[in-house]
Every structure is written in C-alpha cells, then in structure tokens.
Amino acid sequence: MECHSCSRRPFVLAAAALLTLGVAGAALAEPFQIRVVDSETGRGVPMVKLESVNGLVFYTDSNGVAAVQEPGYMEQRVYFHVKSHGYHYAEDGFGNAGQAFDVAPGGEATLEIERENIAERLYRLTGEGIYRDSVLVGEETPLDNPVINAGVTGQDTVQTALYRDQLYWIWGDTDLTRYPLGVFQSTGAVSDLPGDGGLDPSDGVNLRYFTGEDGYARAMGPIVDDGGILVWIDAMTTVPDENGEERLVGRYETLHSLSEPIGHGVLLFNDDEEVFEEYAALDPDDAWRHPKGHPATVEDGGTEYLLFPRPFPVARAPARLEALADAGAYQAFTCLAPGGEMDGAESPVMRDGDGQLVWAWRADADPVGQEEEEVLLEAGLIDESEARFQLRDADTGDSIELHRATFYPNAYRDRWIMIGVERYGRSFLGEIWYAEAPTPTGPWTDARRIVTHEDYCFYNPAQHPYFDEDGGRIIYFEGTYTHQFTGRDTPTSRYD
C-alpha cells in the first residue's frame, strides 16, 4: 500500500484485443468491463464488490477491473451495488450505493469511488486470479504470472529479507489448487529488487516460488520430530556466521494446532538445498529470549543488535548467528530492577535516587511493553507520563492496543515509524495504524488509523522498507486479508 500523503503518478494501461469464449454450443459474449478507480488518483481499485440485484457478485482485480460475462445481462441495463473496505460510494435517496450500466458485449464503463483510508490499496501479491478480469478483457498486466503461480490460491503472514541481492519471501499456511489441504510447513519465493530487474513496487512483485517437481509451491520449513503438524517461520533476517559470512536465518515454531505450540528454535537457510534447517532448538518455556516478528537493525555502544517486536521492540540480541541461539545473549528493554519479573502490583519497578523511573536494556529482567505497562499503571507503580508504549488515537484519545507491528527508521521523517494492527477495534484484527517515535523504544504516543475493514481481518502487517521511494516519503506495506477469525461463513472470492 502507498501512503496517502504521498504524491501520485499516473497508471497507464494499454488497450488490447477482446476475448471470446465458447460454451455449450453457443458463443459467450465478450465481457463488459467495469473499471473502478480512486476518485483522487484515477488508479484502479482492487477488491471492490459489485453485486447485482439478483445477487451475482463480481470483485475488481488488481487493475480495478471487473469482467461481466453473464449472457442474461447483455443488452440490458444492470444495476450493481458498490462496496469496498475503506472506500465509499455515495448513496441515492433510497439508501442504495451503486450504479446502473448499459451492459453490452465488449463495452466498458468507469466508476469513481472515494477513498476513506489514508493508505491506498494497490494490488494483491499472492493467490489465484490476481489479474483474472484484466486477462479476460485483454488488458495489459505487469506480472509474469497474472492468474496463477505455482498453484497458490492463498497464503498467510509474510516474512521478507534481503539476501544476496535478492528479496526472499516466506509465508505460513498456503492453499493450493490441487487439494483442500495445502502446505503447512511454510512456503517461499524470491524476487528481484526494484531497479535491479524487479518491478516498480507500485506495479507489483514478480515472485519466483520454490517449487517441487510437480510445479507446486513446496515446504520450506525444517523437519522437526516433535509431533508438530504446523511449522511456521518468522523473524527472517540476515546475520554473519562465525566466519563472517552472511547467512539467512529465522525462527521456527511447531504447533499441533493454533492453540497448542510445541517447540521452537533458530533456523539456517541451506543455499544448496534451498530449504531451512534447524540450527538450534530453544527453550519452549522461555517467553522472550528468541527471535520474533520482523527484526530491525540498530547499533548501540558499538554493537549491532536485532530488535524483535513483541509487538513493541522490547527484546534484542546481537546480530550474530551464534548469539541468536544463546539465551544469555538476549536483552529486554525494561523498567524492572535487575532480576525483576512481572508480578502485578508486586512488580519490582526500578527508580534512581531522585525517584526517576529507570528504563534500560537488561539481560536479567522481564521486558516491559504495552501490556506490561498497563499492569504497572493500573497498580500505580508508574505514572502515565513515564509510559513509553501507550498508543492513543490522535483524533479521539482512545487507547490503541496492538497485536502485531513492524518498526523501521524512516529517512524522510527522521523518526522510527510503526505500522501495526489493532487487537480489537472496529473490526477484529482489521484496523491498521501508523505512529512515529524518536527511538524504537519510544515514547510511542499518538497514532492514526490508515486502513479500516468491515468485519474482516487484515492482520500481521509487514512494511517493506527496501521499497521506500522519494527518500522514504512513499512507503509500502502488506497484510493478510482473511475471514478466518471473523465469524463470516463466506470469504471474499480470490482475495481471502
């Protein structure tokens, strides 16, 4: 997604020939094309729902195109209700938000929709039919594989890392076309960087999946004999090994189910086999001494550290391979005394001789992030003015509780910036917020909602700082769009 405050540039689409398909002894009419565009930028808007009066639903693809190829609609005036998360189409006097079109074979119409989100929805990165409708109407598309890639129909929670001049991508659970059960040991791909063979990030990403002999995306996770059914990979990054060689690493977690984690450890990428292997198992009962989330690099006292968001970046370890496997190398950002553990109203808060709260990186005390701060505030052990992670809506003052977030320095703002998903809010795990702070450990105070959803999840956001443009004025991020935790019976076709 592209930051709303950034400049726009035109998105040019080339004209192309129309397509005719044959069905059941009769010619199926050429599609009627509806293009939905952002009223501010003129760019096509993906994932706009167009629903006819008799319940047929069409969703715009990543070009903002919906191909209507219904024989019964041809040479008819057809009304479509218009709806999309974070976008608005004006209602008429009867409360209907939509538009009627004179549908005809090969015809086309353009509809403008107003964006309420600060961030702009650009395109879908994975799955089937990314440019399905554009292909049907003969429109130009930027991807090498515009409708299907390695059999992938959907993927959960992305991790990325720049390694050996390529961008590496890892996802969790992956659905494939061939069977209801896909790959649950993580899947991966590589892509070229923008300006070095890769697409402009405003246009998309050409992914080259790691595949098996059958051409389908294959498992990238390690084989761990601990009874785990799911193998998730996170905290993917690069560090030097004992010889100073750059290595691609991460953390694995094995689970029997979503609520039954079993074990975890540090991963090392095998460049010859192109798969992750276990480097070291870690204590499954240690709550914070392990890699997590989307690591960011920071230098402190001449040592380069990796910061691990939880969801705020309150844990770190030296950016070396052997340190990641050493529980004693991890430090917590905390206001607890040495040896201190969180214990409600009995938590041992540390103050200096003047009564000032002492925040520091320590190896022998529990980290204090947003949730722990709330406990200390409620117990009266710290004051609101001493807190560092109490995010508030800049407009309403309401508290914002984060579930997951990414944190990176931004050159344009000369600040650390946060892209995070709210734990609750208007939609469960569907509200994305932006905030800034002078350091990764805050203080984080005001936040602004940049993406909203209506009863739909958009969780585990990931900013892509290597896509930054105009010195960081334009930033890109993505998230996992799913109905999984919403209670909805029907997912959004192709986008879920």
Side-chain angles (χ1 to χ4, degrees), residues 1-4 6-16 18-19 30-52 56-70 73 78-90 97-101 103 106-143 145-147 199-205 451-454 456 458 474 476-479 481 492-496:
M1 289 192 175
E2 188 170 340
C3 183
H4 175 54
C6 307
S7 58
R8 313 293 184 187
R9 50 183 177 286
F11 187 64
V12 180
L13 299 174
L18 296 172
L19 181 67
E30 297 168 345
F32 176 77
Q33 177 184 167
I34 301 175
R35 183 187 304 278
V36 182
V37 301
D38 187 312
S39 62
E40 179 185 351
T41 68
R43 177 177 176 133
V45 180
M47 205 170 69
V48 177
K49 181 181 180 180
L50 304 170
E51 184 173 4
S52 69
L56 291 185
V57 175
F58 304 84
Y59 284 98
T60 57
D61 68 7
S62 287
N63 267 342
V65 171
V68 179
Q69 204 168 26
E70 289 298 319
Y73 286 177
V78 182
Y79 182 92
F80 295 91
H81 298 277
V82 180
K83 191 174 184 179
S84 188
H85 301 290
Y87 290 77
H88 174 74
Y89 195 74
Q99 180 69 47
F101 300 106
V103 175
E108 60 181 89
T110 299
L111 183 153
E112 292 189 353
I113 193 169
E114 181 180 351
R115 175 159 40 88
E116 297 174 335
N117 286 336
I118 292 177
E120 181 181 359
R121 187 183 303 134
L122 294 181
Y123 47 77
R124 185 155 53 96
L125 275 158
T126 71
E128 181 270 335
I130 295 175
Y131 286 101
R132 177 251 186 198
D133 295 78
S134 295
V135 169
L136 284 176
V137 302
E139 282 281 358
E140 181 179 327
T141 67
L143 298 185
N145 299 288
V147 292
L199 296 174
D200 186 307
S202 69
D203 293 340
V205 179
V451 176
T452 188
H453 290 85
E454 183 178 337
Y456 225 95
F458 186 78
I474 299 174
Y476 292 82
F477 65 95
E478 66 170 292
Y481 176 82
T492 304
S493 295
R494 293 190 167 88
Y495 281 89
D496 196 77

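Just the heavy atoms: all of them, side chains too, but no hydrogens, waters or symmetry mates, feed the values below. Every value quoted in this text rests on a predicted model; they were computed, and no experiment measured them. The first residue of the sequence shown is numbered 1, and numbering continues consecutively from there.
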I'd like to know if the side chain of Ser52 pairs up with that of Tyr79 as donor and acceptor (distance under 3.5 Å, no hydrogens or angles considered).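 Checked: Ser52/Tyr79 side chains show no N/O donor-acceptor pair below 3.5 Å.
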
Side chains of Tyr123 and Asp61 only: does a donor on one sit below 3.5 Å from an acceptor on the other? no

Which pair of heavy atoms, one from [X] and one from [Y], lies closest together, and at what distance?
{"X": "His453", "Y": "Tyr481", "answer": "CD2-CE1, 3.9 Å"}
{"X": "Leu122", "Y": "Ser202", "answer": "CD1-CA, 4.4 Å"}
{"X": "Pro31", "Y": "Ala67", "answer": "CB-CB, 4.0 Å"}
{"X": "Leu199", "Y": "Gly204", "answer": "CB-O, 3.4 Å"}
{"X": "Met47", "Y": "Tyr495", "answer": "N-OH, 3.1 Å"}
{"X": "Ala119", "Y": "Phe477", "answer": "CB-CZ, 3.8 Å"}

Are side-chain heavy atoms of [X] and [Y] found at a separation under 4.5 Å?
{"X": "Leu111", "Y": "Val37", "value": "no"}
{"X": "Val57", "Y": "Leu50", "value": "no"}
{"X": "Ile113", "Y": "His88", "value": "no"}
{"X": "Phe101", "Y": "Ile34", "value": "yes"}

I'd like to know whether Val36 forms a side chain to side chain contact (heavy atoms under 4.5 Å, CB included) with Thr60, so could you lay out the CA-CA distance, the side-chain angles of the two residues, the decisive distance to 0.1 Å, and finally the verdict. CA-CA 7 Å; Val36 182; Thr60 57; 3.7 Å; yes

Check whether [X] reaches the backbone of [Y] with its side chain - one donor and one acceptor, N or O, closer than 3.5 Å.
{"X": "Tyr456", "Y": "Thr492", "value": "yes"}
{"X": "Arg43", "Y": "Glu120", "value": "no"}
{"X": "His85", "Y": "Glu454", "value": "yes"}
{"X": "Asp133", "Y": "Ala66", "value": "no"}
{"X": "Arg132", "Y": "Pro146", "value": "no"}
{"X": "Ser134", "Y": "Thr141", "value": "no"}

Centroid-centroid under 6.0 Å between Phe32 and Tyr73 rings: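 Phe32 vs Tyr73: aromatic centres not under 6.0 Å.
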
May I ask you to say whether [X] pairs ionically with [Y], meaning some side-chain N is under 4.0 Å from a carboxylate O?
{"X": "Glu139", "Y": "Arg35", "value": "yes"}
{"X": "Glu51", "Y": "Lys83", "value": "no"}
{"X": "Arg115", "Y": "Asp38", "value": "yes"}

Determine, for Tyr87 and Arg121, whether the Lys NZ or Arg CZ falls below 6.0 Å from the six-membered ring centre while staying within 45 degrees of the axis.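 No.
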
For the pair Phe58 and Phe80, name the ring-plane relationship: parallel under 30°, tilted 30 to 60°, perpendicular over 60°.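 Phe58 vs Phe80 ring planes: perpendicular.
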
Nearest 0.5 angstrom please: Gln99 CD to Thr110 OG1, how far? 11.0 Å

Hey, mind stepping through Glu40 and Glu114 against side chain to side chain contact (heavy atoms under 4.5 Å, CB included) and telling me if it holds? CA-CA 7 Å; Glu40 179 185 351; Glu114 181 180 351; over 6 Å; no

Neighbour count above 12 (heavy atom, 6.0 Å) for Glu116 CD: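 Yes - once you tally the heavy atoms of other residues, nucleotides and ligands closer than 6.0 Å, there are more than 12.
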
